[in-house]
2 protein chains.
Amino acid sequence: MSTLIHESAAECCTTPTSSTLDPERAADLAARFKALGDPNRIALLSLIAAGENAEACVCDMTEPLGLGQPTVSHHLRILTDAGFLTREKRGTWAYYSIVPGALESLCSELCADSGLGSMLQASRTVKDAQEPCC
Amino acid sequence: MSTLIHESAAECCTTPTSSTLDPERAADLAARFKALGDPNRIALLSLIAAGENAEACVCDMTEPLGLGQPTVSHHLRILTDAGFLTREKRGTWAYYSIVPGALESLCSELCADSGLGSMLQASRTVKDAQEPCC
DNA sequence: CTCGTATATCGACAGACGTCAATATTCTTG
DNA sequence: CAAGAATATTGACGTCTGTCGATATACGAG
C-alpha cells in the first residue's frame with residue numbers, strides 16, 4: 001500500500017513534494033466520520049441527546065427508529081467504538097450517553113491536521129461570527 | 001427547547017412520542033458525513049488545502065495517493081456532490097478547491113438539529129475555550 | 001436456583017462501496 | 001480538422017455494510 005507520503009524519512013532523498021497528513025491519521029479521522037455516515041446513527045445521537053438526562057437505553061430507541069434490537073445495538077456499538085458514546089449498565093438496562101467533546105474534537109482535528117484551518121480563517125472574513133460551530 | 005421536533009405542527013394530534021429530527025434531515029447530514037468517511041477522501045481534502053492557492057488539479061493528486069486517475073476523479077466527485085469542493089476547469093485541467101464554510105456548517109448543523117448543542121454547552125464548562133472548533 | 005427481561009453476539013444475505021481497466025468527452029495545439 | 005493530453009464516465013469485481021432472525025449472556029425477581 002503506497003498511498004500518501006511519509007516514507008521512512010531516514011531516506012537520503014525524501015520526496016520534497018508537499019507531504020500531507022499521514023495515512024494513519026487520515027484513516028483515524030475517516031473512521032470517525034464514517035461512524036456518523038448513517039442516517040439511523042445520526043437519529044440515535046439525536047434521540048440520546050434529547051433523552052432524559054441526555055441519555056437513553058436501547059429499549060427506548062428501537063421503536064422510534066423502526067429497527068430491530070440487534071440492529072440498534074450494532075449501531076450503538078459503532079458509535080461507541082468511534083468515541084461518540086459511552087455505555088453505562090444500570091441493572092438490566094444499558095444507558096448510552098454522549099461523549100461531550102467528541103464531535104467538536106473531530107471537526108477541529110480535521111481542520112488542524114489537514115491545513116484546512118488556514119483556509120477557514122481566510123473565509124472567516126466573509127461569514128465571520130455567524131455560527132460558533134458547536 | 002427540545003428542538004428537533006419539527007412536525008407539521010398544524011396537525012391536531014401530532015404524535016406526542018418524542019420525535020427526533022426528521023429522517024430527511026438525518027439522511028442529509030449522514031450523507032455529508034459519509035463523504036468524509038474514507039481515508040483517501042480525507043487525504044484529498046488535505047492535499048487540496050495544502051496546494052498552491054488552496055487548490056489542486058487531479059493530475060497532482062493521483063500520484064501522492066497511489067490511486068488510479070478514475071478513482072481519484074470518483075472521490076473528488078463524491079466530495080463535490082457533498083458540497084465540500086468546487087470544481088473549476090481551466091483549460092484541460094480541473095482545479096478543485098475547498099468550499100469555505102462547508103465543514104463547520106456540517107458540524108454546527110448536527111449540533112443544532114440534534115439537540116447536541118445544549119449537551120455541549122454543559123460540557124463546555126469543563127473544557128471550555130480549549131479549541132475554537134474550526 | 002430458575003425464570004423472564006434486556007442486551008449483545010453470531011450467521012446469513014442483499015445492497016452499497018472502492019477500485020481498476022477501458023472508453024468517452026473535452027480542450028489545446030499544430 | 002487531426003492528434004494528443006487531462007479528465008470524466010462506464011462496466012466489472014471483490015469487499016464492506018446494514019439488516020434481520022436466532023442464539024448467547026447478564027441481571028433482577030420470585
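These numbers were taken from a predicted model, which means no experiment stands behind them. First the proteins, then the strands, lettered A, B, ... as listed; each starts at 1.
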Look at [X] and [N] and indicate whether a side-chain polar atom (N or O) is within less than 4.0 Å of OP1 or OP2.
X: B:Lys34; N: C:dC17; result: yes
X: A:Tyr96; N: C:dA6; result: no
X: A:Arg90; N: D:dG28; result: no

* Calculate the interatomic distance between B:Leu67 atom CG and C:dA21 atom C1'; express it in whole Å. =>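 Rounding to the nearest Å, CG of B:Leu67 and C1' of C:dA21 are 15 Å apart.
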* Whole-Å distance separating the NZ atom of A:Lys89 from the P atom of D:dA26 ->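 Going from NZ in A:Lys89 over to P in D:dA26 covers 8 Å.
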* Asked: Hey, can you pull the residues of residues 71-81 of chain A with a non-hydrogen atom under 4.0 angstrom from DNA chain C?
  ->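 Of all residues in residues 71-81 of chain A, the ones placing a heavy atom under 4.0 Å from DNA chain C are A:Ser73, A:Arg77.
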* **Residues in side chain to side chain contact (heavy atoms under 4.5 Å, CB included) contact with A:Ala30, at least two apart in sequence or another chain** =>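 Expected list: B:Pro39, B:Ile42.
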* Donor-acceptor pair between B:Glu109 and B:Ser105 side chains, under 3.5 angstrom ->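 The criterion, which ignores hydrogens and geometry beyond distance, is satisfied for B:Ser105 and B:Glu109.
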* To do: Please examine the side chains of A:Phe84 and A:Ile78, heavy atoms only from C-beta on, and report whether any two atoms are closer than 4.5 Å.
  =>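 With C-beta onward as the side chain, the pair stays apart.
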* Report, as yes or no, whether the 6.0 Å neighbourhood of atom CD on A:Glu24 holds more than 12 heavy atoms from other residues, nucleotides or ligands. =>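 No, because the 6.0 Å sphere around CD of A:Glu24 holds 12 heavy atoms or fewer from other groups.
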* Options C:dT5, D:dT19, C:dT28, nucleotide nearest the side-chain atoms of A:Asn40 ->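 From the listed options, D:dT19 comes nearest.
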* To do: Take A:Gln69 and B:Pro70, find for each the nucleotide of DNA chain D with the closest heavy atom, and name the residue whose nucleotide sits nearer the 5' end.
  =>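 Comparing both residues, the 5'-ward one is B:Pro70.
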* To do: Mind listing the closest non-hydrogen atom pair of B:Leu79 and B:Ala35 along with its distance?
  =>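 So the minimum-distance heavy-atom pair works out to CD2-O, 3.7 Å.
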* What closest approach, in Å, do A:Ser97 and A:Ile48 show between heavy atoms, and which atom pair accounts for it? ->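 It is CA-CG2, 3.8 Å.
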